[in-house]
Student: 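Before anything else, here's the structure in question.
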There are 2 protein chains.
Amino acid sequence: MFIPVQAGRASEEIALQIEAAIMDGRLSPGERLPSEREMQSQFGTGRGVIREAIKILKQKGLLEVKKGAKGGAYIRQLDVGNISESLALFLKQHPVEPEKLIEFRETLDRTITQLAIAHAEQAEKDELVKEALRLEAMLLEDEPDFTASSELDRQLNIMLARMARNPLFEWVMHAIQMGFNSHDYALYEDKAYRERAAANWSKTAQAIAQGELMRALGFIGYHYVLLRQCIDEKATLTNEPDAEFLQKDEQ
Amino acid sequence: MFIPVQAGRASEEIALQIEAAIMDGRLSPGERLPSEREMQSQFGTGRGVIREAIKILKQKGLLEVKKGAKGGAYIRQLDVGNISESLALFLKQHPVEPEKLIEFRETLDRTITQLAIAHAEQAEKDELVKEALRLEAMLLEDEPDFTASSELDRQLNIMLARMARNPLFEWVMHAIQMGFNSHDYALYEDKAYRERAAANWSKTAQAIAQGELMRALGFIGYHYVLLRQCIDEKATLTNEPDAEFLQKDEQ
DNA sequence: TGCCTACAATGGTCGGACCAAACACGAATA
DNA sequence: TATTCGTGTTTGGTCCGACCATTGTAGGCA
């Protein structure tokens, strides 16, 4: 099945061979690779090289390694998690201005909304409304659970993306949702914004359910108006002179 | 209730430590990690573990490893390549229908075009026109170089994405371009399509350069009309050669 | 029948050895 | 003096053989 290697960078060569075997279906998700000691002799190389190759593929998300008897390297079905992770890593080194992220999210939302209205089943649209109302109720409580509501917000977005009936939008949305969960939920910290944003989510969902594209787009626009306002306010608050005072306070 | 912890895994622990050091700036791009043998004693572990940790980080794109004296592991500035790669990998395992890809690309192109017209410098727009004309000239030859023209087409797309002045669009476009380079260039194989598509690219670029949004969007629409036609034709040709005449009434 | 222990398979780690590439520096040469 | 050629040192790349830790299982024992 595998061809022995001799050139430099053997581990990468081996990783490529295994990756190819996975990609063209000679190995399918759930199956197990031979044990390290066995591959060692199949490839005609040392065990360290095999281990490094496995590490590479594991990092790529293609393999899952288990210890013990019946252990070994199992082929994994890739999920969006890996993309989200590398995106998050990238964004840590290349901070994107919040405005750029918002711009991206807004165009993404608008596109997805159009597609969702056109393609989704009525049942899904009703489900979206139901969940949006649930989020609204959750956020109107006196002591909202921020973790739960952020999670629900994320799920609403992903649900909407799925309704577009195009996996590419679903994946991009997923990656964005996982890549940064910081800015968006600033909106929910302030009571005034929270109530308006929640009500707006419900209205958006209802407009979608009724097939009212332009109204839905209007609500989406308002959501981002709110978000921009909210972030601006926070920025001026923390950049004001008394920020200095706050720092001293912390020491 | 409790989350199981995979004990051991020293290499991953080390990778995390180094990654943290990079992320919070204790190590900056361009700097060099200690040699493997040195880290071996610093971490109090075997050299194999260190090597596996380095492999992980290298795969993540955080390190670049060089051999020889003055070699070693250098901290790298991340680029979009890594994200594109993981997306491409994902897309290979989860094939999407061509129509879904086209739908995605079309909305992406339209959005990017709007932003590019609004944000790009005139010089960039003129450069785009110049390159589009170059592509057109290249494709009008009797014996076009498909590799070179596909590459130029890709670069035009990425150039346009960069003009949107939002790294997120650049990233998505990059990833898409790398993820599948198959369908799009079907357009260039047939002489009739090739000429129309090339001329259309030039017109699109010119409309962008002149700030004519609606005209540009029109040309983009036409590009995808052509692409869909072309793919349909190919599909019917390869699947049932006799049914060719059924598609004739389309134009 | 049901629990428990011993065993075998497998990944994880260690240390030492050697190879191969890349660079530095000095000697030999034009 | 400037250039070229070796030669040595540093460093990653590979191999080997041993041992440890975990895990599933089969067989023994109550």
Side-chain angles (χ1 to χ4, degrees), chain A residues 1-19 21-22 27 29-76, chain B residues 2-19 21-22 27-76:
Chain A
M1 181 165 198
F2 297 121
I3 308 159
V5 294
Q6 72 280 15
R9 305 256 134 76
S11 59
E12 289 168 28
E13 171 66 24
I14 289 177
L16 282 180
Q17 277 195 47
I18 298 177
E19 185 180 326
I22 296 174
L27 293 167
E31 274 188 77
R32 213 198 69 174
L33 251 53
S35 78
E36 295 179 351
R37 290 170 177 85
E38 197 171 329
M39 283 198 280
Q40 172 181 0
S41 65
Q42 276 191 37
F43 281 107
T45 179
R47 199 176 146 213
V49 175
I50 305 287
R51 286 185 58 76
E52 286 178 10
I54 290 178
K55 270 286 188 299
I56 292 175
L57 296 174
K58 185 181 170 189
Q59 175 54 36
K60 279 197 188 183
L62 259 60
L63 295 181
E64 185 188 352
V65 179
K66 286 192 279 199
K67 275 198 287 196
K70 283 290 190 70
Y74 288 82
I75 283 88
R76 241 184 85 182
Chain B
F2 293 109
I3 303 163
V5 156
Q6 296 277 26
R9 254 66 170 192
S11 58
E12 290 169 28
E13 171 63 29
I14 290 178
L16 281 179
Q17 280 194 45
I18 298 176
E19 185 181 326
I22 295 174
L27 293 166
S28 327
E31 275 187 76
R32 212 199 70 174
L33 251 52
S35 77
E36 294 180 354
R37 289 169 177 85
E38 197 172 329
M39 282 197 280
Q40 172 180 2
S41 65
Q42 277 189 33
F43 281 104
T45 180
R47 196 173 149 217
V49 175
I50 304 288
R51 285 185 58 76
E52 286 178 10
I54 290 178
K55 271 283 187 300
I56 293 175
L57 296 175
K58 185 181 169 188
Q59 174 55 35
K60 280 197 187 183
L62 257 52
L63 294 180
E64 184 188 354
V65 180
K66 286 192 283 197
K67 270 206 289 196
K70 288 284 195 298
Y74 289 82
I75 282 89
R76 238 184 87 184

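Numbers restart at 1 for each chain; the letters A, B, ... are given by sequence-line order, proteins then strands.
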Student: If the threshold is 4.0 Å, N to carboxylate O, is there a salt bridge linking B/E12 and A/K58?
Tutor: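 Salt bridge: yes.
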Student: Does the side chain of A/I50 reach to within under 4.5 Å of the side chain of A/I14, using non-hydrogen atoms?
Tutor: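 A/I50 reaches A/I14 side chain to side chain.
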Student: Give A/G46 one of three labels, base, sugar-phosphate or nothing, depending on what nucleic acid heavy atoms sit under 4.0 Å from its own.
Tutor: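 The answer is sugar-phosphate, as A/G46 gets under 4.0 Å only of primed atoms, P, OP1 or OP2.
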Student: Grab the NZ-C1' distance between A/K58 and C/dG12 for me, whole Å please.
Tutor: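 To the nearest whole Å, that distance equals 10 Å.
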Student: Measure CZ/A/R32 against P/D/dT23 and give the value in whole Å, please.
Tutor: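 My rounded result for the distance is 16 Å.
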Student: Find which nucleotide of DNA chain C each of B/R37 and B/T45 is nearest to by heavy atoms, and output the residue with the more 5' nucleotide.
Tutor: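 Whichever sits nearer the 5' end wins; that is B/T45.
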Student: Tell me which nucleotide among D/dG12, C/dG12, C/dC14 gets nearest to the side chain of B/R51.
Tutor: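 Among the listed nucleotides, the one closest to the side chain of B/R51 is D/dG12.
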Student: If you check every side-chain atom of A/E36, which of C/dG12, C/dA8, D/dG12 has the closest atom?
Tutor: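 Minimum distance to the A/E36 side chain belongs to C/dG12.
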Student: At 4.0 Å (heavy atoms only), tell me whether B/G72 reaches a base, stays on the sugar-phosphate, or touches nothing.
Tutor: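 Sugar-phosphate only.
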Student: Please report the C-alpha distance between B/L63 and B/Y74 in whole Å, then the side-chain angles of each, then the deciding distance to 0.1 Å, and finally whether the side-chain contact (heavy atoms from CB on, under 4.5 Å) criterion is met.
Tutor: CA-CA 6 Å; B/L63 294 180; B/Y74 289 82; over 6 Å; no
Student: Taking the side chain of B/S35 as its heavy atoms from C-beta onward, which of D/dC16, D/dG12, D/dT14 lies nearest to it?
Tutor: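 Of D/dC16, D/dG12, D/dT14, D/dG12 is nearest to the side chain of B/S35.
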Student: Measure from the side-chain heavy atoms of B/E52 and tell me the nearest of C/dT10, D/dT11, C/dT13.
Tutor: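 Ranking C/dT10, D/dT11, C/dT13 by closest atom to the B/E52 side chain puts C/dT13 first.
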Student: Taking only the side-chain heavy atoms of B/A69 (C-beta and beyond), determine which of C/dA22, D/dT14, D/dT22 contains the nearest atom.
Tutor: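 The listed nucleotide nearest to B/A69's side chain is C/dA22.
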Student: Could you tell me the separation between the CZ atom of B/F43 and the P atom of C/dT13, rounded to a whole number of Å?
Tutor: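 The answer, rounded to whole Å, is 13 Å.
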Student: Give a yes/no answer on whether the side chain of B/R47 brings an N or O atom under 4.0 Å of OP1 or OP2 in C/dG15.
Tutor: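 For C/dG15, neither OP1 nor OP2 has a side-chain N or O of B/R47 closer than 4.0 Å.
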Student: Quick check on DNA chain D: between A/K70 and A/E12, whose nearest nucleotide comes earlier from the 5' end?
Tutor: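 Result: A/E12.
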Student: Using whole Å, what does the distance between atom C1' of nucleotide C/dG11 and atom CG of A/L63 come to?
Tutor: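 So the CG-C1' distance, A/L63 to C/dG11, works out to 13 Å.
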Student: Without decimals, in angstroms, what is the distance between A/I54 CD1 and C/dG11 C1'?
Tutor: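 Those two atoms, CD1 and C1', are 9 Å apart.
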Student: Please determine whether a side-chain nitrogen of the Lys or Arg among A/E52 and B/K55 lies less than 4.0 Å from a carboxylate oxygen of the Asp or Glu.
Tutor: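 A salt bridge is present here (some side-chain N lies under 4.0 Å from a carboxylate O).
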Student: Taking CD from B/Q40 and P from C/dG12, how many angstroms apart are they, rounded to a whole number?
Tutor: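 Going from CD in B/Q40 over to P in C/dG12 covers 19 Å.
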Student: With nearest nucleotides of DNA chain D determined for A/G48 and B/V65 from heavy-atom distances, which residue corresponds to the more 5′ nucleotide?
Tutor: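 Of the two residues, B/V65 wins.
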Student: Considering only NZ, NE, NH1 and NH2 on the basic side and carboxylate oxygens on the acidic side, decide whether B/E36 and B/R51 come within less than 4.0 Å.
Tutor: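 Answer for the salt bridge query: yes.
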Student: Without decimals, in angstroms, what is the distance between A/R9 CZ and D/dT14 P?
Tutor: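 Rounded to whole Å, this separation is 8 Å.
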Student: Between C1' on D/dT10 and OH on B/Y74, what's the gap in Å once rounded to a whole number?
Tutor: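 So the OH-C1' distance, B/Y74 to D/dT10, works out to 11 Å.
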Student: Counting only side-chain heavy atoms from C-beta out, which of D/dT14, D/dG13, C/dT13 sits nearest to A/S11?
Tutor: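 From the listed options, D/dT14 comes nearest.
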